[in-house]
Colleague: 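First the structure, then my questions, so here it is.
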Amino acid sequence: MTGETPIQEKLDLDVDALLGDSDWAEPVRRVPGEAVLTVSTEGWEGPLDLLLALARTQKVDLREISILALVEQYLRFIEEAVELRLELAADYLVMAAWLAYLKSGLLLPKEAQPDPSPEELALRLHLRLQRLEAMREAGARLMGRDRIGRDVFVRPAPEGLHRPKSIVWQASLFELIQAYGQVKARTAPRIHVVARRPVMTLDEAIERVSRLLGMEIDWTDLSRFLPETADPVLRRSALASSFVAALELAKQGRVELRQEAIFAPLYLKPASLGAPA
Amino acid sequence: MSLTVAARLVEAVLFAAEGPLTPQEIARHAALEESILPHLTALADHYAGRGIELVERGGRWHFQTATDLSYILRREREEPRKLSRAAVETLAIIAYHEPVSRAEIEAIRGVQVAKGTLDVLMEAGWIRPAGRREVPGRPLIYATTPDFLSHFGLASRRDLPGIEDLRAAGLLDPIDLAMENMESQSLLENDEEQDEDEDNEA
Amino acid sequence: MSLTVAARLVEAVLFAAEGPLTPQEIARHAALEESILPHLTALADHYAGRGIELVERGGRWHFQTATDLSYILRREREEPRKLSRAAVETLAIIAYHEPVSRAEIEAIRGVQVAKGTLDVLMEAGWIRPAGRREVPGRPLIYATTPDFLSHFGLASRRDLPGIEDLRAAGLLDPIDLAMENMESQSLLENDEEQDEDEDNEA
């Protein structure tokens, strides 16, 4: 970070440099026509991750890193993010507050230092960063090994060996505990569930479809009768209810239905004259 | 026998193939321009009298277990059977709550348990009758077997994840608990921040 | 090379098996009473430098294509399971620290273990619950499986990349332990600070 560049460029630079890893999906989204940047906090997995990314920009061995410089980098980053109205999760601000406290402690004369000493806190932070970095590297090296199914291959369809038992039942531990989880989830008391689920009842659907049907004269796709909503759950409920409503109205002779093929759009038309209204 | 890279590739491609391959197919998979046939015949010779043999059938080549040893192979090509959903659930309930009676399993599952389900689990050797409950009707109660533990790689039943572990792993998620999870998660997050602070101050 | 009947059987059993086998399992399938290990090492030697190799992973043996041919064989294959960064790190932490609890994983990563991380790793068959830590709350602890070793081509956990260096550098110790070690080291160097350090620890 040099002092000359405008603040936004500086931040862009940092973000790009920090996010060289292609695994991190689009952490920075620029909203067109607006000066607001959104740093998705998913780009970093929490403040420790961001700290580690910042530490890497010091371009020294992690063991030699200056914690004070790192604290300043973090605080500056958060400050700029706030100025640019970037969205930051609360834990980033909690970390910022803690680091600010650490920084003031580190700058105090040694006699006036609180207990536990800022040096000890800094050392702990240092150790945490080293451990995270070590595991990150270990993970990368692990993934880079010759892996079965990618680099080396076993026989895809072996004959299998004769077994003493005639039937071999198969189930994995994962399936077992997953099944238990689902039983528990299924049978746990559900109290506030129904109220939260937006649904369209059959009565509402019949009322709505017959009302709208009065305004149509030609074949009309069933989807045109659905209420406008962005909620996919409500939309599905409305579709199901409206479909049943259409069937009910057809049964009553109030509507004619037409469908070209299975899963093709369902068309509705008011029943032709002469039919019971 | 030491092999050229080309012959090694031919060998590896044949080994990893889903089915018999023509020399052209082998050449393509192994990215070889040269003729494959000499390698194939050399390999076939090399494997003669071994536990594995390289054979040609109608212009396609494949490895197979030596025919005179085929008695070690599964006689019928029957697929190992997957446990039904109901059976997995029943087994899980027995494992978590043993010993339990059928009525108790049904109470937990919220669904009836077919007789065949318990039979399958007994046939698999994973559950056993473990006496009777001293209540009216004296129902049979079931427990898991040592085979159950070894099949699922557990040292003891205590190794089964608890409800909190399942929740954390996302295994309680699928149905209707989204709300509750969100609440408990924000609780957890608060706890964690506290822990972290304590950690740093310690 | 001509093989004994026993060695041929071992070769055929490994070839036809649906997964890695222990020497005991091989002996059972091959109906051999004698020790299998000499046959296994002889076969492994025999396959050295070939297109196929016989490898041992966590005490289980299997055939696979030679690792140095991966540059040719890899290209037509699709990537196996693509793991998220969180899952990779979590897997690494479990592998290098096992057995390890969720809280310990979270302490290293600095974030909660997201739902869908542990269960993805369990579903892949790479980690398993491995008992409980005998501390308040008795948290479940996790460890890697033999399938993990097979998949990543590790003969044992000692082969984890760099694990010896990490251990020697103390990077696998919990932070509290590392702090204690450092303090006791500085105690040796400087007796005078002793009292102060103990105060801080309290």
Side-chain angles (χ1 to χ4, degrees), chain B residues 1-3 5-16 28-32 43 46-53 63-66 68-74 80 152-156 158-162 164-173 181 185 188-189 192 195-196 199 202, chain C residues 1-3 5 7-16 18 29-31 43 46 49-53 63-66 68-69 72-73 75-77 102-103 106-107 110-122 128-132 137-142 145-146 175-176 179 201:
Chain B
M1 178 173 100
S2 100
L3 296 180
V5 172
R8 295 180 66 216
L9 277 166
V10 170
E11 192 180 25
V13 164
L14 279 165
F15 173 80
R28 209 180 62 240
H29 286 297
L32 291 171
L43 275 172
H46 171 71
Y47 276 98
R50 298 278 298 279
I52 309 169
E53 54 193 26
F63 279 120
Q64 64 181 29
T65 312
D68 63 319
L69 301 180
S70 62
Y71 65 91
I72 62 164
L73 301 180
R74 203 157 50 208
F152 290 95
L154 297 164
S156 84
R158 293 182 4 178
D159 289 6
L160 287 168
E164 276 316 307
D165 301 307
L166 292 177
R167 193 192 302 284
L171 292 173
L172 279 182
D173 259 352
N181 278 340
Q185 189 161 23
L188 273 175
E189 275 161 7
E192 178 158 87
D195 287 348
E196 198 172 278
D199 235 51
Chain C
M1 178 176 100
S2 100
L3 294 179
V5 175
R8 288 184 70 217
L9 269 167
V10 171
E11 189 181 29
V13 163
L14 282 164
F15 178 77
E18 288 169 304
H29 285 295
L43 274 174
H46 172 70
R50 299 281 300 277
I52 310 169
E53 56 190 22
F63 279 120
Q64 63 180 29
T65 58
D68 65 323
L69 300 180
I72 296 279
L73 300 178
R75 62 177 105 180
E76 295 198 15
R77 309 279 175 158
R102 195 158 51 84
E106 290 173 345
V111 278
Q112 262 204 313
V113 174
K115 290 170 203 295
T117 302
L118 289 172
D119 61 333
V120 159
L121 297 175
M122 264 194 277
R128 65 188 166 88
R132 293 179 180 277
R138 302 187 57 246
L140 198 69
I141 47 182
Y142 294 91
T145 62
I175 288 183
D176 285 331
M179 296 288 290
E201 258 309 286

Colleague: Counting only heavy atoms closer than 4.5 Å, note whether B/Phe152 contacts chain C via side chain, backbone, both or neither.
Modeller: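 Answer is neither: B/Phe152 stays 4.5 Å or more from chain C.
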
Colleague: Quick one: sort the C/His46 and B/His46 rings into parallel, tilted or perpendicular, breaks at 30° and 60°.
Modeller: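 Rings of C/His46 and B/His46: parallel, as their planes differ by under 30°.
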
Colleague: Can you tell which part of C/Tyr142 gets under 4.5 Å to a heavy atom of chain B, answering side chain, backbone, both or neither?
Modeller: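 Just its side chain gets close to chain B.
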
Colleague: Could you tell me whether the side chain of C/Glu106 and the main chain of C/Val111 form a donor-acceptor pair under 3.5 Å?
Modeller: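 Checked: no pair found.
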
Colleague: Taking only residues two or more places apart in sequence or in another chain, which ones pass side-chain hydrogen bond (donor to acceptor under 3.5 Å, both in side chains) with B/Gln64?
Modeller: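 By the side-chain hydrogen bond (donor to acceptor under 3.5 Å, both in side chains) rule, B/Gln64 matches B/Glu53, B/His62.
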
Colleague: Please look at B/Leu69 and chain C and tell me whether the side chain, the backbone, both or neither of the residue comes under 4.5 angstrom of a heavy atom of that chain.
Modeller: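 Side chain only.
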
Colleague: Check each atom of B/Ser156 against the heavy atoms of chain C and say whether the ones under 4.5 Å are side chain, backbone, both or neither.
Modeller: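 Neither part; nothing is under 4.5 Å.
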
Colleague: Heavy-atom distance under 4.5 Å to chain C: side chain of B/Leu160, backbone, both or neither?
Modeller: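 Backbone only.
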
Colleague: At a heavy-atom distance under 4.5 Å, which candidate from C/Ile141, C/Leu118, C/Leu121, C/Asp119 has the highest pair count against chain B?
Modeller: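 Of C/Ile141, C/Leu118, C/Leu121, C/Asp119, C/Asp119 has the most heavy-atom pairs under 4.5 Å with chain B.
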
Colleague: Show the numbers, then the answer: is there a salt bridge (Lys or Arg N to Asp or Glu O under 4.0 Å) between B/Asp159 and C/Arg128?
Modeller: CA-CA 9 Å; B/Asp159 289 6; C/Arg128 65 188 166 88; 5.5 Å; no

Colleague: When you check the side-chain N and O atoms of C/Glu11 and B/Tyr47, is any donor under 3.5 Å from an acceptor?
Modeller: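 There is no such pair (donor and acceptor under 3.5 Å, judged by atom type) between the side chains of C/Glu11 and B/Tyr47.
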
